[in-house]
Amino acid sequence: MWVASAWQKMTDTRPVRVRFAPSPTGRLHIGGARTALFNWALARSLGGAFILRVEDTDTERNSEESLHSILESLRWLGLDWDEGPEANGEFGPYFQTQRMANYQAAIDRGLSEGWLYRCFASAEEIGELVAEHRANKRSGRWEGPYRDLPVAEAEARAAAGEEFVLRFRVPMGQDVVIKDHIRGDVNFRSDEVEDWVAVRTGGMPTYNFCCAIDDADMQISHVIRGEEHLVNTPKQVLLAEALGVAVPDFAHVPLILGEDGKKLSKRTGDTALGDYIDKGYPADALFNFLALLGFSIDDKTTVFSREELVQHFDLKRISKGGALFDIDKLHWICGEYIRHMSVAHLTDAVLPSLRSAGLVSEPLVGDDSVTDLNVIGSRAWLERLVAAMQERLGLLNELPEKAAFLFSEGVELDKKAAKAVANEQAIAVLSHLATAFESADVFPPADWSAWVNEQAAQLDVGMGKVMKPLRAALSGTLGGPELLDILTLLGKQRSVSRIRAVL
RNA sequence: GGCCCCAUCGUCUAGUCAGGCCUAGGACACCAGGUUUUCAUCCUGGCAACGGGGGUUCGAAUCCCCCUGGGGUCACCA
């Protein structure tokens, strides 16, 4: 039986070659990104090849722009491919529309061997057939009207110019067993598989047709893809069998679910990787999070690098059930990464958002030799700011909003801050501080905490009575970075003038 | 509805293949304390799960069956 031989082919020691096969009809979906990630991880962990193949047989919806953005997204995630667009490879071309010669050879063979036949039914006719079949609630497949049309007659009608598609003649009474690394054996009966369209009207082959042929031609060893493809697999396996080519190993990964528990879709939030790039999630963090969705290294490791994933990756550790996209956890992971980045690295990461918010210039003020923290917008000043804000950041893009008050000349007080400075005691404290700051030799005063303590003692008030109004006047709000950081970043002139502004 | 997949805390999961080490571990979220004279971070503690029913077994989260529940798919899209 073909099944046994197919499994033997799967378990031999051929080189590991996996592929991610997006169709360039939109941006890279979160689920696709994770599928790509798993493919990449398997290739890297086993020393195999990661191949990118563009499934562009839907010429109606393809776009150059989509392709470009998909490639960019993959690169951003750090998933480098060994063969594919913009890379070399001995199994190219890597665009299906450029592989027509291969498909044509298979088509010719299928027609002459009889496992492909011409079907003259319109899409509407077939639609009615399917609807009726489904309404009858019976099991088994629907039968098309042209399956048994004599070849001579079919050829004559085709020659007369009648339009047709090519359907795959699915054999009856056969068991199709799919060997899946995640699910074990999955059984289908060929009687349940309809005679699917292999070649469209006009001659363009379909996904199922190209996919199986390419996987064989490119010597793909493992097909790792989303679970929604599981029911397509018997079609592809049956085709490979008709062609007499090797059937790859399969691994159907569980779906990523939206908050409604259904396949993640635009309904339930952002579904494109690009959305998360734009929002300021660090690439390493998103990579980590995606890997965690349906995969685990062990019982307690949650934060890990690409290298660690590669080191521990194993298809057997991919879970079977769908996973809800947990935005809270993503957020937390991002915070983890941001907090653990070096200040220099984080500064680089945050620069684009500061630029687009118009807070820093391009190039930066001064050059790298500027170490004077009074030079606002310099690299040194920015790094100081980033260090002060680091543990308060959830996303890269939050910085402009949270740190805007450090860039401006003055500041507007929010409600609570306004209240904190609007009493006699606060006014007295602040005017004392303004004077003290002005006469200080160094700014901020050396040994800051001792200095503040002394001021509080002189004023005969508690520390809270000093810190709170000062913070309010300086930052316009009651939260935020440490006062010493604010003073440092603001500098003497701005600090004093902000205090004077509320007196 | 047919076919296929799945089923451990609210969420992501470990444990299931080789049944006892599981009075089920970790993480997120949440709650309560503590550190930080703000916020955030950090630390400590707490809450919280094997969907149900039958088997098999000395013993089942782990094996088998049924039920229930959820999901996927049923295009000349991929």
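Naming: A, B, ... by sequence-line order, numbering from 1 per chain. Below, all heavy atoms of this structure are taken into account, side chains as well, without hydrogens, waters or symmetry copies.
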Which residues pass the salt bridge (charged side-chain N to carboxylate O under 4.0 Å, His left out) test with A:Glu308, not counting sequence neighbours? none
If the sugar-phosphate is the primed atoms plus P, OP1 and OP2 and the base is the rest, what is the B/S/- string for nucleotides 2-9 of chain B, using protein heavy atoms under 4.0 Å? SSSSS---
For atom CZ of A:Arg471 and atom P of B:C39, their distance in whole Å: 9 Å
Would you indicate what A:Thr57 reaches in the nucleic acid, counting non-hydrogen atoms under 4.0 angstrom: base, sugar-phosphate, or nothing? sugar-phosphate
Taking the six-membered ring for Trp and the full ring for Phe, Tyr or His, determine whether the centres of A:Phe287 and A:Trp40 are under 6.0 Å apart. yes
Verify the contact: side-chain N or O of A:Ser319 to OP1 or OP2 of B:U13, cut-off strictly under 4.0 Å; return yes or no. yes
With rounding to the closest Å, how many angstrom separate the P atoms on B:U73 and B:C31? 37 Å
Looking across every strand, which nucleic acid part, if any, lies under 4.0 Å from A:His252 by heavy atom: base, sugar-phosphate, or nothing? nothing
5' precedence on RNA chain B between A:Phe295 and A:Leu257 (nearest-nucleotide basis): A:Phe295
With a 4.0 Å cut-off on heavy atoms, is A:Ala121 in touch with a base, just the backbone sugar-phosphate, or nothing at all? base
Touch class at under 4.0 angstrom, heavy-atom based, for A:Ala323 against every strand present: sugar-phosphate
Could you give the distance separating B:G52 and B:A24 at their P atoms, to the nearest angstrom? 16 Å
Is any side-chain nitrogen or oxygen of A:Thr206 closer than 4.0 Å to OP1 or OP2 of B:A78? no
Test: A:Arg61 and A:Asp58 ion pair at under 4.0 Å: yes
Using ring centroids (six-membered ring only for Trp), state whether A:Phe50 and A:Phe38 fall under 6.0 Å. no
Under 4.0 Å between any heavy atoms, over every strand shown, what does A:Pro481 touch: base, sugar-phosphate, or nothing? Just pick one. base
Look at the side chain of A:His181 and the backbone N and O of A:His222, then say whether any donor-acceptor pair between them is shorter than 3.5 Å. no
Within the 4.0 Å heavy-atom criterion, would you say A:Glu336 contacts the bases, only the backbone, or no part of the nucleic acid? sugar-phosphate
Classify A:Arg317 by what it touches in the nucleic acid, base, sugar-phosphate, or nothing, heavy-atom distance under 4.0 Å. sugar-phosphate
Find the distance between CG (A:Leu346) and CG (A:Leu382) and round it off to the nearest 0.5 Å. 11.0 Å
Residue whose nearest RNA chain B nucleotide is more 5′ - A:Gly462 or A:Asn208: A:Gly462
What donor-acceptor contacts under 3.5 angstrom involve side-chain atoms of residues 18-33 of chain A, with partners at least two apart or in another chain?
residue	atom	partner	partner atom	Å
A:Arg19	NE	A:Asp215	OD1	2.9
A:Arg19	NH2	A:Asp215	OD2	3.1
A:Ser23	OG	A:Thr25	OG1	3.2
A:Arg27	NH2	A:Asp275	OD1	2.6
A:His29	ND1	A:Gly31	N	2.8
A:His29	NE2	A:Leu264	O	3.3

Among side-chain atoms of A:Arg384 and A:Thr347, is any donor-acceptor pair under 3.5 angstrom? no
When the C1' atoms of B:U62 and B:A49 are compared, how many Å lie between them, rounded to an integer? 15 Å
Among residues at least two apart in sequence or on other chains, which ones pass side-chain hydrogen bond (donor to acceptor under 3.5 Å, both in side chains) with A:Asp328? none
Classify the nucleic acid contact of A:Thr201 as base, sugar-phosphate or nothing, counting any heavy atom under 4.0 Å across all strands shown. base
Salt bridge check, A:Glu194 against A:Arg141: does any charged N sit closer than 4.0 Å to a carboxylate O? no
Taking atom C1' in both B:G15 and B:G53, what distance in whole Å separates the two? 24 Å
Examine A:Arg53 relative to A:Phe95 and say whether NZ or CZ is less than 6.0 Å from the centre of the six-membered ring and inside a 45° cone about the ring axis. no
For B:U13 and B:G55, measure between their C1' atoms and round to the nearest Å. 30 Å
Given the side-chain rings of A:Tyr281 and A:Tyr337, with only the six-membered ring counted for Trp, is the space between their centroids under 6.0 Å? no
What is the per-nucleotide protein-contact pattern of nucleotides 16-36 of chain B, from the 5' end, where B denotes a base atom under 4.0 Å from a protein heavy atom, S denotes such proximity for sugar-phosphate atoms only, and - denotes neither? ---------BSBS--------
Check every strand shown and say whether A:Leu478 touches a base, only sugar-phosphate, or nothing at a heavy-atom separation below 4.0 Å. base
Classify the nucleic acid contact of A:Val165 as base, sugar-phosphate or nothing, counting any heavy atom under 4.0 Å across all strands shown. base
Under 4.0 Å between any heavy atoms, over every strand shown, what does A:Gly294 touch: base, sugar-phosphate, or nothing? Just pick one. sugar-phosphate
What's the gap between B:C6 and B:C50 when it is taken at their C1' atoms, as a whole Å value? 15 Å
Between the base of B:U41 and the side chain of A:Arg339, is one N or O donor paired with an acceptor at under 3.5 angstrom? no
Distance col, row A:Ile178:CD1 vs A:Arg183:CZ, nearest 0.5 angstrom, shows 11.5 Å
Could you tell me how far B:G25 sits from B:A48 if I compare only their C1' atoms? Round to whole Å. 14 Å
Starting at OH of A:Tyr207 and ending at P of B:C76, how long is that distance when rounded to a whole Å? 16 Å
Spacing of the C1' atoms in B:A18 and B:C63 (rounded, Å): 12 Å
Contact list please: residues 25-40 of chain A against RNA chain B, heavy atoms, distance less than 4.0 Å, in numerical order. none
Looking at B:C30, which nucleotide sits across from it as a Watson-Crick or G-U wobble partner, both distances under 3.5 angstrom, or is there none? B:G46
How about A:Tyr207 and A:Trp196: are their ring centroids closer than 6.0 Å? no
